[in-house]
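See structure below.
All of these numbers come straight from a predicted model, not from anything done at the bench.
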Amino acid sequence: MAATPRKNKTGRRILAAGAGLATVGALVAAMPSAGADGDAFAAGHGKGWGRMVDVQLLSFNDLHGNLEPPAGSSGQVTRVKEDGTTEKIDAGGVEYLATHLRQARQGNRYSVTAAAGDLIGASPLLSGLFHDEPTIGALNKLDLDVTSVGNHEFDEGAVELARMQNGGCHPTAGCFVEGKKFKGADFPYLAANVTKEKTGKPLLDPYFIWEKNGVRIGFIGVTLEGTPNVVTAEGVKGLKFGDEVETINKYTKILERKGVKSIVALVHEGGMPASAAYNYNCDGDGDGDGEGVSGAIVDIAKNVSPQVDALVTGHTHQAYVCSIPDPAGKPRLVTSASSFGKLYTDTTLTYDRATKDIVRTAVASANHVVTRDVPKAADVTKLIEDWRTLAAPIANRPQGFIAADINGRGSTAFEKPLGDLIADAQLEGLAPADKGGAQLALMNPGGIRSDLVYAASGSEGNGVVTYGESFTVQPFTNMMNVVDLSGANLISALKQQVSGSNLNSVKILQVSKGLTYTLDMTKTGADRVVDGTIKLNGEPIDPSKTYRVAMNEFLAGGGDGFAALATGTDKLVGASDLDVFNAYLAAHSSATAPLPVPAADRITVVQ
């Protein structure tokens, strides 16, 4: 069940040109000029007519519907300069990404563009308001050839994901543009490890074979096996998510049987590099041992079949180009291009026509910044302006006022100023007896998708928070829940922040005013949450007491590894998290009295 290019794109792909990295001329020069069978090794190398062909692979990941340049720190990348100091660079915006990709393709006879999931979902209002149809349209204009699914592709469920692929108007919202039916994606979404529980069959195509002039490269797409832990239960209902390594290895054998020996895995799972700089040298010591990156992707890369030539990854929103040894001990490229369209990766894969395989030693790759100093792609600009016109009446509506930037996604601290603000809004909105009687509120850090930025994004003026901006911070529209939770389970939930599935990648909940505790990062596992320090309004949490706790429906279902939160009883469903947040902004700020930046002093951290 292999995906094939749509007819209307085949010609465009064949004619597309692009710019790659340096070819491996030195390697070819060291080879014989002709083999015993008369093959000319050097003739036409890099131009597509000889035995050795350079194929340009352009890739990105985790766009999350960021069509417009992301604001504040969400729209910046860090670069290490030659003198060792770092600088921040404004980056991102699909109009600029399109230009960079088109410029990169120039001069390359063979160029393929791929992505590693989360291209939609958790999107700013410009895309999210229209169920991500604008982003799919933009990706079509980017000439994306193939992508894996990510966990956020399941935010609205399998039926909606199928609509993203195949087109059709939204089942309840209808067609957003009068007289125009949504056409769907021109590229295949791959979901090799996602199967239907009832039939065991793949939900979408598991692999895609890109082909041009006899050059064939197979792409296998998977998302993280733990997708059900980071998506609402409704979003993954009826689906099963398999092991990434087992799935990739299975379809690698299938591709080999079809004669495809050059294979790239698109994996929506990632790692954490030792440096946040996009140009950090992951392989500084040159031994290709992968020590420059840690996390789930390392084990995956070390166990995926040696026949796979490269892994394009995502999910962690990090930037890296690393070599990690395959099971045979041979270094293999693993890349990730940050998030929100701020970077793209340019990789040169040298294809041997005789063996039909990639010459692994000749692979070269680097991440490049999507700077905003290039001309905007006019066709993408028009697409954005058309959708912006439709969204304007809602997007530009003022919700509140802030005195300075209130960082959420852009904060590297465990307790984020915007996290405190959101938790306080949830507590206030659900505290009245008829709203649930909440005594405290908990917010998952991954649900905070951006910062509140003081500088005006349009004509609203500095310090004004528009509906579009608050939507960008909380785009899921999760319904708020208030539940009875025992003190013992509340304590267990806080310990699950740093243990269990969160042991190696901690998820620190954002807490409402009055809830305090100490987090000792010098310890390990659950012991990091110091016993006896968890207090509510100065009183220690009593394991035998019952507390009314407000949280979004994702957390209430045990999402992000918080199984203790799913034990709640006597549930009351309230307004959406976005409505609660906007109500708080309106009640507590004005043009003359804007909201100050929260102190973020509820969690005492020992490093």
Side-chain angles (χ1 to χ4, degrees), residues 57-66 70 74 77 91-92 94 97 101 112-123 132 135 139 142 144-155 161 164 187-194 204 208 219-227 229-231 241 244-245 247-248 264-273 276 278 280 282 290 293-301 304 308 310-322 324 332-347 365-368 370 409 446 449 505:
L57 171 62
L58 300 174
S59 58
F60 56 94
N61 52 274
D62 295 275
L63 178 64
H64 289 289
N66 278 265
S74 295
V77 294
V94 173
L97 176 60
L101 292 178
V112 56
T113 304
D118 274 11
L119 303 184
I120 58 174
S123 304
D132 280 316
T135 295
L139 292 169
L142 293 183
L144 180 64
D145 289 291
V146 60
T147 184
S148 68
V149 295
N151 54 287
H152 281 284
E153 264 79 19
F154 294 92
D155 283 348
L161 175 56
M164 292 292 99
F187 51 89
Y189 259 113
L190 305 182
N193 67 331
V194 186
L204 298 170
F208 164 79
F219 291 87
I220 301 168
V222 298
T223 186
L224 68 153
E225 183 181 9
T227 291
N229 297 325
V230 293
V231 176
F241 293 77
E244 303 95 335
V245 172
T247 302
I248 294 170
V264 175
L266 306 176
V267 187
H268 190 71
E269 179 60 288
M272 299 297 294
Y278 82 88
Y280 161 68
C282 243
V293 67
S294 60
I297 198 60
V298 176
D299 285 338
I300 292 173
V304 161
V308 174
L311 286 79
V312 175
T313 73
H315 188 55
T316 59
H317 291 203
Q318 300 300 307
Y320 48 83
V321 175
C322 297
I324 299 176
R332 177 168 53 193
L333 188 71
V334 180
T335 72
S336 178
S338 186
S339 63
F340 299 171
K342 295 180 289 188
L343 298 176
Y344 71 92
T345 311
D346 192 335
T347 302
S365 184
N367 277 325
H368 299 274
V370 177
R409 201 74 175 184
R449 305 305 299 183
S505 182

Worksheet item: Hey, mind stepping through Asp132 and Leu119 against side-chain contact (heavy atoms from CB on, under 4.5 Å) and telling me if it holds?
Response: CA-CA 9 Å; Asp132 280 316; Leu119 303 184; over 6 Å; no
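At least one donor-acceptor pair under 3.5 Å links the side chain of Ser336 to the backbone N or O of Gln318. Between the Glu244 side chain and the Glu225 main chain, a donor and an acceptor come within less than 3.5 Å of each other. Side chain of Thr227 to backbone of Leu224: a donor-acceptor contact under 3.5 angstrom is found. For Thr113 (side chain) and Leu144 (main-chain N/O), no donor-acceptor pair under 3.5 Å exists by modelled atom type. Here the side chain of Thr247 pairs no donor or acceptor atom with the backbone of Ala192 at under 3.5 angstrom. Within the 3.5 Å criterion, the main-chain N or O of Leu63 finds a donor-acceptor partner in the side chain of Asn66. Proximity of a side-chain donor or acceptor of His64 to a complementary backbone N or O of Gly121 within less than 3.5 Å is detected. A donor-acceptor distance shorter than 3.5 angstrom exists from the side chain of Arg332 to the backbone of Val308, with no hydrogens or angles considered. No donor-acceptor pair under 3.5 Å is formed between the side chain of Arg449 and the backbone N or O of Ser123. In this structure, Lys342 contributes its side chain and Pro70 its backbone to no donor-acceptor pair below 3.5 Å.
With Val149 as the partner, the side chain to side chain contact (heavy atoms under 4.5 Å, CB included) test is satisfied by one option alone out of Ile120, Leu190, Val222, Leu204: Leu204.
If you take OG1 on Thr335 and CG on Leu311, they are separated by 8.5 Å, rounding to the nearest 0.5 Å. Annotation: the span from Leu343 atom CG to Ser59 atom OG amounts to 10.5 Å, rounded to 0.5 Å. Considering CG of Leu101 and CG of Leu58, their distance stands at 6.0 Å, rounded to 0.5 Å. One finds the OH atom of Tyr189 at 7.0 Å from the CG atom of Leu161 (value rounded to the nearest 0.5 Å). A distance of 7.0 Å separates CZ in Phe219 from CZ in Phe208, rounded to the nearest 0.5 Å. Between the OH atom in Tyr344 and the CG atom in Leu57 there is a gap of 12.5 Å [rounded to 0.5 Å].
With no hydrogens or angles considered, no side-chain donor-acceptor pair links Thr223 and Asn151 at under 3.5 Å. Side-chain contact annotation: His268 with Asp118, donor-acceptor N/O pair under 3.5 Å present. Using modelled atom types and a 3.5 Å distance limit, the side chains of Thr313 and Tyr320 yield a donor-acceptor pair. Between the side chains of His368 and Asp346, no donor-acceptor pair is found at a separation under 3.5 Å.
The shortest heavy-atom contact between Ala114 and Leu266 is CB-CD2, 3.9 Å. In this structure, Gly65 and Thr135 approach most closely via the heavy-atom pair CA-OG1, 3.2 Å. The two atoms that bring Gly271 and Thr316 nearest to each other are O-OG1, 2.8 Å, heavy atoms only. Between Gly221 and Ser148, the closest heavy-atom pair is CA-CB, 3.7 Å. Heavy-atom minimum distance, Ala337 versus Asn61: N-OD1, 2.8 Å.
Put simply, the side chain of Phe340 does not reach to within 4.5 Å of the side chain of Asp62, judged on heavy atoms. The side-chain heavy atoms of Val334 and Ile297, taken from C-beta on, include a pair separated by under 4.5 Å. Considering only heavy atoms from C-beta on, Val293 comes within 4.5 Å of Ile324 through its side chain. Residues Val231 and Phe154 form a side-chain contact, since some pair of their non-hydrogen atoms from C-beta on lies under 4.5 Å apart. Val312 places none of its side-chain heavy atoms less than 4.5 Å from the side chain of Thr345.
Checked against the 6.0 Å centroid criterion, the rings of Tyr278 and Tyr280 do not qualify as a close aromatic pair.
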